[in-house]
Number of protein chains: 2
Amino acid sequence: MRTAVNTHFPAHQGSAAQRIENELRRSIITLELPPGSRLSEHDIAERHGVSRQPVREALIGLARTRLVEIQPQRGTIVVKISVRKMMEARFVREAIETAVVRRACSSFDRQSRQRIDDLLEMQAHAARRDDHAAFQRYDELFHVALAEGAGCPLAWEAIQDIKAHMDRVCQLTLPGPEAMLPLVDQHRAIVTAIDACDENAAAEAMLRHLTEILRALPRVEAEHPELFTA
Amino acid sequence: MRTAVNTHFPAHQGSAAQRIENELRRSIITLELPPGSRLSEHDIAERHGVSRQPVREALIGLARTRLVEIQPQRGTIVVKISVRKMMEARFVREAIETAVVRRACSSFDRQSRQRIDDLLEMQAHAARRDDHAAFQRYDELFHVALAEGAGCPLAWEAIQDIKAHMDRVCQLTLPGPEAMLPLVDQHRAIVTAIDACDENAAAEAMLRHLTEILRALPRVEAEHPELFTA
DNA sequence: CAGTGGATACTACCATACAAGTGTCGGCCA
DNA sequence: TGGCCGACACTTGTATGGTAGTATCCACTG
């Protein structure tokens with residue numbers, strides 16, 4: 001089975017629309033396309049060598065997760081980061097993932113459990129190499145494995161949509177192994193609690209992990225005010 | 001502010017694509033389009049008097065919430081109801097909404113609080129008239145008001161996507177005022193607990209409310225096996 | 001000189017036409 | 001008669017042209 005990052009359109013894996021949506025999503029999250037950027041169907045189509053139609057569909061997909069805002073007959077722009085929405089997204093994610101790890105304490109798929117060890121290993125390696133992209137990918141896979149292992153893959157689908165509001169902030173806070181390595185430790189703490197079948201400890205560990213982002217938020221907002229909404 | 005049912009495409013409120021998506025979603029949830037139905041872009045376009053393009057965009061939107069499955073170069077079908085996915089969706093929803101009502105106990109917007117009283121009144125009226133459509137609409141608005149009042153409208157957005165897996169089952173269980181009226185009482189119990197600022201009681205009430213659907217599930221599955229996946 | 005009205009250059013939106021892939025049905029062959 | 005092979009009908013995917021709406025800029029007016 002191929003490991004597909006975006007599982008929303010299992011049927012559209014190879015379509016131009018899906019390719020472009022993934023590409024644009026990546027560019028937005030990595031801030032290559034900074035908030036406020038104007039996106040033109042025409043330009044993007046030319047740049048990717050396709051027609052405007054698939055580009056349009058890609059933009060609609062991004063609009064659904066609120067990464068871009070389509071203003072009819074006016075234009076499409078990359079939305080600015082909203083601290084308020086990020087806080088809300090974090091709150092919802094905390095609600096889902098603490099419930100997931102609690103469930104994981106009752107029963108956890110053995111295959112997923114094995115996979116998690118591998119993922120943690122690779123993530124730590126990525127952190128030491130200061131490879132943000134790989135780190136974030138493994139982070140995502142870790143949480144996916146958690147949801148799947150707990151028997152609730154749908155939980156991750158739900159998270160994926162709201163996570164978009166947090167990803168760009170994470171992108172700003174990650175640089176430097178000293179920021180990434182502690183996150184791996186937090187992951188380990190979660191797994192340890194699950195192995196011990198200690199619901200409260202697992203939920204507590206997840207809560208600490210998801211609260212981490214709040215620490216650096218004021219700093220990054222002060223450093224890059226132009227990326228945030230007023 | 002206009003009360004928009006679907007807030008995913010604020011920019012597309014009047015667009016043909018959005019109109020058709022809403023219409024199709026309604027038809028699927030009300031089981032007018034039963035699971036397994038084949039949907040043809042061509043036919044739908046003709047029936048609505050538009051071209052294939054907006055229909056296509058509508059179908060992509062529905063595919064994102066897994067209401068339909070697009071099989072490239074083959075066709076698009078209404079997905080069957082999956083008990084497994086419904087259980088997962090219920091679990092995730094429970095996680096989110098119990099967290100929301102807990103938060104609501106700390107602080108709750110006064111305007112939303114007033115609105116909830118009106119909604120409960122109207123919902124009870126709809127129940128007595130045996131008006132499923134109105135009942136379900138008010139039910140949705142109740143949960144929206146809860147999320148907004150708690151200061152987390154994003155929570156409802158997240159729920160909307162996964163709720164699709166539950167709505168059709170609800171559609172099957174609702175008929176008859178004797179099924180609907182208890183649900184209104186459960187809503188009242190939630191509000192009462194929030195007014196008393198009793199977190200645990202509120203979460204407990206919400207949990208009972210969201211567990212209700214499990215009671216009737218075996219019956220409807222036995223009565224309509226053709227609607228469910230094997 | 002400030003303010004207003006209109007032509008213009010964009011935009012997203014929709015319609016139409018074409019391309020590419022898939023399942024089916026019927027004829028052909030062994 | 002059973003199995004294989006090819007044409008056809010149907011699907012979604014993509015390309016292109018035209019339409020309607022909005023913002024901008026500039027000439028014109030008070």
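A note on names: the letters A, B, ... follow the listed sequences, proteins ahead of strands, and every chain is numbered from 1. Because only heavy atoms are used, hydrogens play no part in the values below, and waters and symmetry mates are left out as well, while side chains stay in. Quick caveat, the model's predicted, so the values are computed rather than measured.
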*Asks:* May I ask you to verify if any side-chain N or O of A:S40 is less than 4.0 angstrom from the OP1 or OP2 atom of C:dC10?
*Replies:* no
*Asks:* To the nearest Å, give me how far apart CD (A:Q71) and C1' (D:dA23) are.
*Replies:* 11 Å
*Asks:* Under 4.0 Å: is that the gap between some side-chain N or O of B:R74 and OP1 or OP2 of C:dT22?
*Replies:* no
*Asks:* Could you tell me the separation between the CD atom of A:E57 and the C1' atom of D:dG13, rounded to a whole number of Å?
*Replies:* 8 Å
*Asks:* A:R38 has an atom CZ; how far is it from atom P of D:dT22, in whole Å?
*Replies:* 15 Å
*Asks:* What is the distance from atom CZ of B:R103 to atom CD of A:E88, rounded to the nearest 0.5 Å?
*Replies:* 6.5 Å
*Asks:* Is it the case that the side chains of A:H187 and A:Q123 hold a donor-acceptor pair, with the cut-off being a distance below 3.5 Å and no angle test?
*Replies:* yes
*Asks:* Please state how far atom CD1 in B:I60 lies from atom P in D:dT12, giving the value in whole angstrom units.
*Replies:* 11 Å
*Asks:* Within the 4.0 Å heavy-atom criterion, would you say A:L39 contacts the bases, only the backbone, or no part of the nucleic acid?
*Replies:* sugar-phosphate
*Asks:* For A:Q111, is the CD atom crowded, meaning more than 12 foreign heavy atoms sit under 6.0 Å from it?
*Replies:* no
*Asks:* Take the protein atom CZ of A:R52 and the nucleotide atom P of D:dG18, then report the distance between them rounded to whole Å.
*Replies:* 12 Å
*Asks:* Are OP1 or OP2 of D:dT14 and a side-chain N or O of A:S51 less than 4.0 angstrom apart?
*Replies:* no
*Asks:* Rounded to the nearest 0.5 Å, how far does NZ of A:K163 lie from SG of A:C170?
*Replies:* 7.0 Å
*Asks:* Please check this pair: side chain of A:H224 against backbone of A:V220, looking for a donor-acceptor N/O pair closer than 3.5 Å.
*Replies:* no
*Asks:* Is there a side-chain contact between A:R56 and the phosphate of C:dC13, meaning an N or O under 4.0 Å from OP1 or OP2?
*Replies:* yes
*Asks:* So does A:R19 reach the base of D:dG13 with its side chain, donor to acceptor, closer than 3.5 Å?
*Replies:* no
*Asks:* Relative to the 5' end of DNA chain D, which residue comes earlier, A:Q53 or A:Q73, by the nucleotide with the nearest heavy atom?
*Replies:* A:Q53
*Asks:* Does C:dT11 have OP1 or OP2 sitting under 4.0 Å from an N or O in the side chain of A:T76?
*Replies:* no
*Asks:* Could you tell me whether B:I77 contacts a base, only the sugar-phosphate backbone, or nothing, with contacts defined as non-hydrogen atoms closer than 4.0 Å?
*Replies:* nothing
*Asks:* For the pair made of NE2 in A:H42 and P in C:dC10, what is the distance, rounded to whole Å?
*Replies:* 10 Å
*Asks:* Starting from P on D:dT16, measure out to CD on A:E41 and report it in whole angstrom.
*Replies:* 15 Å
*Asks:* Rounded to the nearest Å, what distance is computed from the CD atom of residue B:E46 to the C1' atom of nucleotide C:dT16?
*Replies:* 14 Å
